[in-house]
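Down below is the structure, laid out as structure tokens.
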Amino acid sequence: MQPELLSAGRYTLRLRREPSLSIFPVLGRRDAAAGSFWGADRDGGARRHEGIDIFAPRGTPAVAATAGYISRTGETPLGGRVVWLADAEHGEHLYYAHLDKQLVVPGQHVRAGDTLGLVGNTGNARTTVPHLHFGIYRSGQGALDPLPFVRRAARPLSTPAGPDRRGEFVRLRTEAVLRPSPESGQNIAIQQLIKAP
């Protein structure tokens, strides 16, 4: 951050780790309820799991993890009763599968937290306990691992140790490279500051 030329100011930078989707896709659950993860073998290794499975009792509400509109609903041999939620702001499509019941229709606009359907075990999950298969697809990139989008940080970040440099002139010393999300190809340079001589 750089102030306007010849102006002064104080800045406080706070870093937080939190999921980019505002609501967990199964009401009353957290990421600990996920029991089957991205990339696991399916059909004897013929394909890979393109999502996470979130276990919950039959009839638990599956909710919109973000605002958007319902791009389609239907029933497929693998997913059973499915709902596709388009998140127009981020260009992603959220996929809800194995639903016992769908409670939305194509074209319907929803807010984060609205109920889309009820957890079940339809499709190829007929022999399993009820769960929601949750997937994320991005235009031009295909399926993404949804866990980083919904996982809560294990513990809050600690305040960095060291002297308080607020209000002092500083000079750049080192640089670290961070990415805004696991799937992002963009890098953000974060530079460490030291006191100017």
Side-chain angles (χ1 to χ4, degrees), residues 18-154 181-183:
E18 58 185 32
S20 60
L21 291 173
S22 58
I23 304 287
F24 195 74
V26 176
L27 187 66
R29 293 289 192 245
R30 290 186 151 291
D31 53 80
S36 181
F37 298 96
W38 171 265
D41 282 346
R42 291 292 188 266
D43 296 331
R47 62 185 181 90
R48 301 268 183 218
H49 195 220
E50 291 187 342
I52 57 174
D53 290 339
I54 304 163
F55 293 88
R58 181 182 309 283
T60 302
V63 297
T66 190
Y69 68 93
I70 305 305
S71 57
R72 68 187 150 154
T73 63
E75 192 158 348
T76 67
L78 287 177
R81 293 185 186 104
V82 301
V83 169
W84 286 88
L85 170 61
D87 174 8
E89 184 178 341
H90 300 103
E92 296 162 351
H93 297 270
L94 283 54
Y95 175 63
Y96 295 74
H98 307 313
L99 297 170
D100 195 46
K101 188 173 187 179
Q102 300 141 315
L103 300 175
V104 290
V105 295
Q108 181 177 340
H109 287 268
V110 296
R111 295 175 308 210
D114 286 352
T115 300
L116 306 180
L118 304 176
V119 170
N121 63 341
T122 58
N124 69 349
R126 289 181 306 279
T127 60
T128 69
V129 297
H131 65 277
L132 172 71
H133 170 90
F134 180 69
I136 298 178
Y137 295 80
R138 186 173 289 158
S139 299
Q141 294 182 23
L144 306 173
D145 182 357
L147 192 59
F149 292 83
V150 299
R151 185 181 211 167
R152 297 266 170 208
S181 72
E183 294 78 24

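Keep in mind it's a predicted model, so treat the numbers as computed, not measured.
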State, to 0.1 Å, how close [X] and [Y] come at their nearest heavy-atom pair, and which atoms those are.
X      : Y      : value
Thr73  : Pro106 : OG1-CD, 3.7 Å
Pro25  : Ile54  : CG-CD1, 3.7 Å
Ala67  : Asp87  : O-OD1, 3.9 Å
Thr60  : Ala56  : OG1-CB, 3.8 Å
Tyr137 : Glu50  : OH-OE1, 3.3 Å

Has Arg29 got a side-chain atom pairing as donor or acceptor with Phe55's backbone, closer than 3.5 angstrom?
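Yes: the side chain of Arg29 pairs with the backbone of Phe55.
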Gap separating the [atom1] atom of [X] from the [atom2] atom of [Y], nearest 0.5 angstrom:
X      : Y      : atom1 : atom2 : answer
Ile23  : Arg111 : CD1   : CZ    : 11.0 Å
Thr66  : His90  : OG1   : NE2   : 6.5 Å
Arg138 : Leu144 : CZ    : CG    : 5.0 Å
Thr115 : Leu27  : OG1   : CG    : 6.5 Å

Counting only heavy atoms not in Tyr69, do more than 12 sit closer than 6.0 Å to its OH atom?
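Result for OH/Tyr69: open.
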Side-chain donor-acceptor contacts of residues 117-133 below 3.5 Å, not counting sequence neighbours, with atom names and distances?
unit_1: Asn121; atom_1: OD1; unit_2: Arg58; atom_2: NH1; d: 3.1
unit_1: Asn121; atom_1: OD1; unit_2: Arg58; atom_2: NH2; d: 3.2
unit_1: Asn121; atom_1: ND2; unit_2: Arg126; atom_2: O; d: 3.3
unit_1: Asn121; atom_1: ND2; unit_2: Thr128; atom_2: O; d: 2.9
unit_1: Thr122; atom_1: OG1; unit_2: Arg81; atom_2: N; d: 3.0
unit_1: Thr122; atom_1: OG1; unit_2: Leu99; atom_2: O; d: 3.0
unit_1: Arg126; atom_1: NH1; unit_2: Gly123; atom_2: O; d: 2.6
unit_1: Thr128; atom_1: OG1; unit_2: Ala125; atom_2: O; d: 2.8
unit_1: His131; atom_1: ND1; unit_2: Val129; atom_2: O; d: 3.0
unit_1: His133; atom_1: ND1; unit_2: His49; atom_2: NE2; d: 3.1
unit_1: His133; atom_1: ND1; unit_2: Asp53; atom_2: OD1; d: 3.2

Hey, are the side chains of Gln108 and Asp114 touching, using non-hydrogen atoms and a 4.5 Å cut-off?
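A side-chain contact is absent here, since even the closest heavy-atom pair is not under 4.5 Å.
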Can you list the steps and then say if Leu85 with Val104 is a side chain to side chain contact (heavy atoms under 4.5 Å, CB included)?
CA-CA 10 Å; Leu85 170 61; Val104 290; over 6 Å; no
Report the residues that fulfil ring-ring contact (aromatic ring centres under 6.0 Å, His included) with His93, sequence neighbours left out, ordered by chain and then residue number.
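Result, ring-ring contact (aromatic ring centres under 6.0 Å, His included) vs His93: none returned.
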After noting the C-alpha distance and the side-chain angles of Gln102 and Tyr96, does the key distance pass the side-chain hydrogen bond (donor to acceptor under 3.5 Å, both in side chains) rule?
CA-CA 10 Å; Gln102 300 141 315; Tyr96 295 74; over 6 Å; no
Audit row: Tyr95, Phe134, ring-ring contact (aromatic ring centres under 6.0 Å, His included) steps and yes/no:
CA-CA 6 Å; Tyr95 175 63; Phe134 180 69; 9.1 Å; no
